[in-house]
Amino acid sequence: DRQRDHPPDDRGGNCQMKILVTGFTPFGGEQINPSWEAVRRLPNRIGGAELIKHEIPTEFDASGAALHKLLTELRPDAVLCVGQYGGANCIRVERVAINLRDARIADNAGKQPTDEPVVAGGPDAYFATIPTREIVDALREQGIPAQLSYSAGTFVCNNLLYCALHESERSNPAPRCGFVHVPYLPEQTKDGSAPSMGMEMMVKALHIAVEAIAEEEKQ
Ligand code: PCA
């Protein structure tokens, strides 16, 4: 019943699946954030799912609020948040979010919390609910260096994943939520003092991750 004149990824009106994919605004003196640069280059449909892409402010409070608004308005089936991990030498698929804000630098609103919870009284940690190992395996199979990561840090990225999982646990049906950290783009580290990954590979990595999430949703 797939419409004939649509490309294979486009199942016309039959597809209900919605995946929210977010990137972050630049922070820490950078001019760009590779996460949003890569997210915005993704196609609008992958593996039968509709992608909804949004740029999230690199701010502790505003990021959680922006996500809350998107989850409420869009009610996506799954959420994939993406952030920059300066110094990472590969794609890092995050498995855990912890209930801790402990910032080495101020966020874009000038906020620099130390030893604060993301959600007062919330559980210490949540596990990501996207198929993390499958994503890493699929990335490696396609020749893209990737690792499972057991810490998304204690800055805004960890904060956003924690908020997503905390909120998802309270909604029915609960959207799958996960987070992927990407390295710098080559233009951010021209002197070679930190590792980087080219845009084409980064976009392909996110494409593969979304595909794996869509596949899992169908089951
Ligand atoms: N990376 C930061 C916050 C925004 C981003 O892209 C982090 O890893 O927390």
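For ligands, and for the atoms within them, numbers begin at 1 and follow the listed sequence.
A salt bridge links E37 with R40; the closest basic N to acidic carboxylate O contact falls under 4.0 Å. Taking a cutoff of 4.0 Å between a charged side-chain nitrogen and a carboxylate oxygen, E73 and K69 qualify as a salt bridge. Ion pair D107/R101 not flagged as a salt bridge, since none of the NZ, NE, NH1 or NH2 atoms sits closer than 4.0 Å to an Asp/Glu carboxylate oxygen. Contact check on K111 versus E59 returns no salt bridge, with no Lys/Arg side-chain nitrogen under 4.0 Å from an Asp/Glu carboxylate oxygen.
Among protein heavy atoms, atom 3 (C) of ligand 1 sits closest to C157 SG, 3.2 Å.
For the pair R92 and Y85, the distance from NZ or CZ to the six-membered ring centre is under 6.0 Å and the angle to the ring normal is within 45 degrees.
Backbone and side-chain nitrogen or oxygen atoms of N33 are examined, and one is located within less than 3.5 angstrom of a nitrogen or oxygen of ligand 1.
Less than 4.0 angstrom separates some heavy atom of F155 from each of these atoms of ligand 1: 2 (C), 3 (C), 7 (C), 9 (O). Close contacts of ligand 1 with H181, meaning ligand atoms under 4.0 Å from a residue heavy atom, involve 7 (C), 8 (O). Every atom of ligand 1 with a heavy atom of T58 under 4.0 Å away is listed here by number and element: 3 (C), 4 (C). Against a heavy-atom cut-off of under 4.0 Å, G83 is close to the following atoms of ligand 1: 6 (O). Atom numbering of ligand 1 starts at 1 in the shown order; those under 4.0 Å from a heavy atom of V156 are 3 (C), 9 (O).
Using a 4.0 angstrom heavy-atom cutoff, F27 counts as in contact with ligand 1.
Taking the six-membered ring where the residue is Trp, F155 and F27 present tilted rings, their angle falling between 30° and 60°.
By the neighbour-count criterion of 12 heavy atoms within 6.0 Å, atom CZ of R133 is sparsely surrounded, having that number or fewer from other residues, nucleotides or ligands.
Considering only non-hydrogen atoms, atom 1 (N) of ligand 1 lies nearest to Q84 out of R104, E94, R92, Q84.
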